[in-house]
Protein chains: 2
Amino acid sequence: MGPIEQQRTDTDEGPGATKPRIVDAALETLRSHGFAGASARQIARAGAFNQALIFYHFGSVRNLLLAALDTVSARRMAAYGPVFERAQTISELAFLAREIYAEDLQNGYVTVLGEMVAGGVSDPELGREVASRLQPWMEMVERKLGVLVSGSLLEPLIPARDVAFAIVALYLGIDLLSQLDGDHARAESLLDLGVRYAPLAGTLLVARQAPGR
Amino acid sequence: MGPIEQQRTDTDEGPGATKPRIVDAALETLRSHGFAGASARQIARAGAFNQALIFYHFGSVRNLLLAALDTVSARRMAAYGPVFERAQTISELAFLAREIYAEDLQNGYVTVLGEMVAGGVSDPELGREVASRLQPWMEMVERKLGVLVSGSLLEPLIPARDVAFAIVALYLGIDLLSQLDGDHARAESLLDLGVRYAPLAGTLLVARQAPGR
DNA sequence: GTCTATACTTGGATAGAC
DNA sequence: GTCTATCCAAGTATAGAC
């Protein structure tokens, strides 16, 4: 407590610091104009700052977009990570998925991710970077699936890796398609469906093997 | 039979006709350079023709890309439509899905679609066009689901519309993610999983209500 | 750190010769 | 229908004044 908090150098992040402002403008642009429309000029326009700043602070547009993706990743991890790790049933997870989707929709996190994934085709090096940033999320889902299924009779039947891949792919696909026609009702309806039937899936997992050998 | 077949005007499609050549170049470019890289010049380079031809024949790059999407749609419908309609069990469908994915992978159909979907964010009008071209496919899946589930005890539990949406989204997401790191093994593994467990899902559907009220 | 100015490249699109 | 030439807008990036 005290004014120590304000003793920031202004080169670090802070409310009015430039780098985060640029990153936010990049996110907003990716969201509203897509990867193809995320040019330095467009981003600068969105954030009302000088276009040259992007190159001063990030070196290139691509670096900025990756930094933006990192920011998204960090924010989501901070916001959802702990809750996700705490969830212990399929029902809780389905509920959480629906909640997270609604939030992601608000701030366009998944759209940004989808555009970057699509942009990876245009620029293979970018693609590799995006892929590596996606991996922790896939692993997080995979770990959780492993824990959930562990000890259940279904354990040998469900390869956590494949299912995790499918979940992430589905999440991405849902957002892209919803974005396409601005109709998020189908996505919500689908997530409701998930919440409704998750308890059923949970029941199947309850049938456990005798613990210990 | 006779030389009548060759009496084409050269304004229609034919082996060496220009319009289809341009369309094919556009598809190839979308596939390899993505939506963001599908410029008139790049497409012309890919097809080794003059860039001005695009505007003569299609008016704009966007029109060309939509024409390319139409071509993909028509080809896929011709190739898979009949087989799909004929399929009558979940197992057959899962098997078909795996087969179709392999083919799509070869010629990049889904990648093209994914890039166009992502491009829809950059250009809302394009987005609407893409969406309307996607709808027949979604409806086709929905109809098939309806038929499969019809009469089963699960019928009131499974909204065909939502599940169709999920299937298309999943298919799109799988391709985009696989494209990202050039690793299609995960996708194949996932589709194998589908084939393996489809019979199980089929069994659940076998439990039928007594027909006729 | 930020701004102006600028160099250079690529992209969409059209005019006009062939 | 096709090609060359060209216009102009937009893009990345840098230099240099402030």
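The sequence lines fix the lettering, A, B, ..., with proteins before strands; numbering per chain opens at 1.
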Side chain to side chain donor-acceptor pair (under 3.5 Å) pairs touching residues 187-199 of chain B, sequence neighbours excluded, are A:D162-B:S189, B:R98-B:D192
Name all pairs fulfilling the salt bridge (Lys or Arg N to Asp or Glu O under 4.0 Å) condition that reach into residues 26-39 of chain B, sequence neighbours left out, sorted by first residue then second.
B:E28-B:R31
Heavy-atom contacts under 4.0 Å between residues 43-59 of chain B and DNA chain D, which residues?
B:N50, B:A52, B:L53, B:Y56, B:H57
side-chain N/O B:S60 vs C:dG12 OP1/OP2, d < 4.0 Å:
no
Non-neighbouring partners of B:D24 that pass side-chain hydrogen bond (donor to acceptor under 3.5 Å, both in side chains), sequence neighbours left out
B:R75
Those residues of residues 32-42 of chain B lying under 4.0 Å from DNA chain C by at least one heavy atom
B:S39, B:A40, B:R41
side-chain hydrogen bond (donor to acceptor under 3.5 Å, both in side chains) partners of B:N107, counting only residues at least two apart
none
Go through the structure and list residues passing side-chain hydrogen bond (donor to acceptor under 3.5 Å, both in side chains) with A:Q135, not counting sequence neighbours.
A:E139
Quick one: A:I22 CD1 to C:dG1 P, roughly how many Å, whole number?
10 Å
Under a 4.0 Å heavy-atom cut-off, which of residues 119-127 of chain A touch DNA chain C?
none
Measure the shortest side-chain to side-chain distance between A:L113 and A:R133 over non-hydrogen atoms and say whether it is less than 4.5 angstrom.
no
With sequence neighbours excluded, what pairs up with A:T111 under the side-chain hydrogen bond (donor to acceptor under 3.5 Å, both in side chains) test?
A:D175, A:Q179
Summary of ring-ring contact (aromatic ring centres under 6.0 Å, His included) pairs that have at least one residue in residues 120-141 of chain A, sequence neighbours excluded:
none
Would you list the pairs meeting ring-ring contact (aromatic ring centres under 6.0 Å, His included) in which at least one residue belongs to residues 89-122 of chain B, sequence neighbours left out?
B:Y101-B:Y171
Listing request: all side chain to side chain donor-acceptor pair (under 3.5 Å) pairs with a residue in residues 47-61 of chain B, at least two apart in sequence or in separate chains.
none
